[in-house]
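Okay, structure first, notes after.
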Number of protein chains: 2
Amino acid sequence: MTDDTAVEKKSIRADALRNEDALLEAAKEIFATSGVDAPVREIAARAGVGVGTLYRRFPKRSDLVVGVYKREVDACVKAAADFTGQYGPGDALTHWLKRYCQFIVTKKGLAAALYSGDPAFDALPAYFRANFEPTLQSLLQSAARAGEIRGDIDAFDLLRAIGNLASVGGTEGAEHTHRMLELMIDGLRFGAAKP
Amino acid sequence: MTDDTAVEKKSIRADALRNEDALLEAAKEIFATSGVDAPVREIAARAGVGVGTLYRRFPKRSDLVVGVYKREVDACVKAAADFTGQYGPGDALTHWLKRYCQFIVTKKGLAAALYSGDPAFDALPAYFRANFEPTLQSLLQSAARAGEIRGDIDAFDLLRAIGNLASVGGTEGAEHTHRMLELMIDGLRFGAAKP
DNA sequence: TGATAAACGGAACGATGTTCCATATTTGCA
DNA sequence: TGCAAATATGGAACATCGTTCCGTTTATCA
């Protein structure tokens, strides 16, 4: 185990922090359009930094990939709180499931990375589950308690089902995935026990 | 659809045929040890040809990968006939399952290729199933009719189960896979309806 | 503000994919 | 069998990419 996370040592220069953020943002956009094998130079250029800067922060490509994915997981989890404060339990759940679906769909190279055999990605699936499962579980419980959906759905099952649903790529695939997701959401509603 | 397969036009020069074979053989060995991302030059060198020759025969890397895998599937299927002629139904089945397991284990980059998103690999899973399923089904039927194993096992289920079994890589993983495979074979024997 | 450490950028290098064509080999024909 | 046309070959050459390295710039702090 390396202690590279959660150790905010002394002080990191402000520009270094800015650049790290810019790199993650640039990598996110480029990974989404060109996959995780996109040229390093392209990422550095979009972030407005030199490749040297990129390499100091992310010595291996996998560091960048892991960083981007964790960041997007966090953003997706955070969206749940936003939806919860903004909508009722049922709508919050619906909105979040669509948000989660979007997360999956835009991850071109995710499956490829996970199956690449590179041990650097071993921790990713656990991170996904550790963050998404409690989030969805909470949303499901709230909606079920409000009588808006059925109460016998396992969060992890649903996460995996949507993941499988979205495994067919392509532009028309996105349409298909969206329709199937709405079908599932209707299915959740159908079994609701109105109080 | 291109018409590049099954068109045996006029005559292909003998040296061209030899080189194609040498390339597939070299690629097979190198893919097994270094994965499907091994340098093109290395493959050409082991085959004893120049890179130009490699590229004329296999314009894209995926062509080589597909070629190698189909070739190995064919070899594995052919082994079934050999075992059937050489052993009794039960032993033939056992030998073939180990042979199939060996096929899976030595395919380092298989999963990565399949999940790469490259449409060039879309046809591979179907090819696997179309060849392996009838082969195993036949072996299972013969062994079941001879009363050596139980008769309620679906060929595709077993293929997939062994595939999943072997998904844990590594050198000690091979040992583990082998033990688990033998466990499964014993399981097949246990339910046999002795005639 | 000035000294100091930290961070930056991009040139440079090596490895790799891919193309191209002068040369070598095979094949069909007389 | 011997020769010319067709075919295939090999590897140099170019393009691209990952990675390193170091002179220069910038932020921090007293």
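Labels below follow one simple rule: chain letters A, B, ... track the order of the sequence lines, proteins then strands, and each chain is numbered from 1.
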Partners meeting side chain to side chain donor-acceptor pair (under 3.5 Å) with B/E133 (sequence neighbours left out):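 Partners of B/E133 by the side chain to side chain donor-acceptor pair (under 3.5 Å) criterion, ordered by chain and then number, come out as B/R129.
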
Side chain to side chain donor-acceptor pair (under 3.5 Å) involving B/E29 - partner list, sequence neighbours excluded: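 If we apply the side chain to side chain donor-acceptor pair (under 3.5 Å) test to B/E29, skipping adjacent residues, the hits are B/R46.
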
Selection residues 55-66 of chain A - residue pairs positive for side-chain hydrogen bond (donor to acceptor under 3.5 Å, both in side chains), sequence neighbours left out: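 Output for this query is empty, none listed.
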
A/K107 to A/F103, cation-pi by 6.0 Å centre distance and 45° axis angle: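 Flagged: A/K107 positioned over aromatic ring of A/F103.
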
Residues in contact with DNA chain D, drawn from residues 23-34 of chain B - heavy-atom cutoff 4.0 Å: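 DNA chain D contact set from residues 23-34 of chain B: none.
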
N/O (side chain, B/N19) to phosphate O (OP1/OP2, D/dA8) under 4.0 Å: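 For D/dA8, neither OP1 nor OP2 has a side-chain N or O of B/N19 closer than 4.0 Å.
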
Distance below 4.0 Å between A/T53 side-chain N/O and C/dG9 OP1 or OP2: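 Yes, A/T53 has a side-chain N/O under 4.0 Å of OP1/OP2 on C/dG9.
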
Check: A/R13 side chain, C/dA6 base, donor-acceptor under 3.5 Å: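 When only heavy-atom distances are counted, A/R13 does reach the base of C/dA6 through a donor-acceptor pair under 3.5 Å.
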
Between the main-chain N or O of [Y] and the side-chain N or O of [X], is there a donor-acceptor pair closer than 3.5 Å?
{"X": "A/W96", "Y": "A/T135", "value": "no"}
{"X": "A/D154", "Y": "A/D157", "value": "yes"}
{"X": "A/S142", "Y": "A/S138", "value": "yes"}

Residues 81-94 of chain B, side-chain donor-acceptor partners within the protein, below 3.5 Å, at least two apart:
residue	atom	partner	partner atom	Å
B/D82	OD2	B/K78	NZ	3.4
B/T84	OG1	B/A80	O	2.8
B/T94	OG1	B/G90	O	3.2
B/T94	OG1	B/R189	NH2	3.3

Whole Å only: how far is the [atom1] atom of [X] from the [atom2] atom of [N]?
{"X": "A/R56", "N": "D/dT25", "atom1": "CZ", "atom2": "C1'", "value": "12 Å"}
{"X": "A/L54", "N": "C/dA7", "atom1": "CG", "atom2": "P", "value": "15 Å"}
{"X": "B/E42", "N": "D/dG11", "atom1": "CD", "atom2": "C1'", "value": "17 Å"}
{"X": "A/I43", "N": "C/dG9", "atom1": "CD1", "atom2": "P", "value": "15 Å"}
{"X": "B/L17", "N": "D/dT7", "atom1": "CG", "atom2": "C1'", "value": "14 Å"}
{"X": "A/L64", "N": "D/dG18", "atom1": "CG", "atom2": "P", "value": "11 Å"}
{"X": "A/I12", "N": "C/dA5", "atom1": "CD1", "atom2": "P", "value": "19 Å"}

Find every protein N or O atom lying less than 3.5 Å from an N or O atom of nucleotides 15-18 of chain C, and list the pairs.
residue	atom	partner	partner atom	Å
C/dG17	OP1	B/R61	NH2	2.5
C/dG17	OP2	B/V40	N	2.8
C/dG17	N7	B/R41	NH2	2.5
C/dG17	O6	B/R41	NH2	2.7
C/dT18	OP2	B/Y55	OH	2.9

Sugar-phosphate, base or nothing in reach of A/A44, heavy atoms under 4.0 Å: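 It contacts nothing in the nucleic acid.
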
A/A16 or B/R18, whichever maps to the more 5' nucleotide of DNA chain C: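 Nearer the 5' end of the strand: A/A16.
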
A/E25 bridged to A/K28 by N-O distance under 4.0 Å: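 Salt bridge flag = yes for A/K28 with A/E25.
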
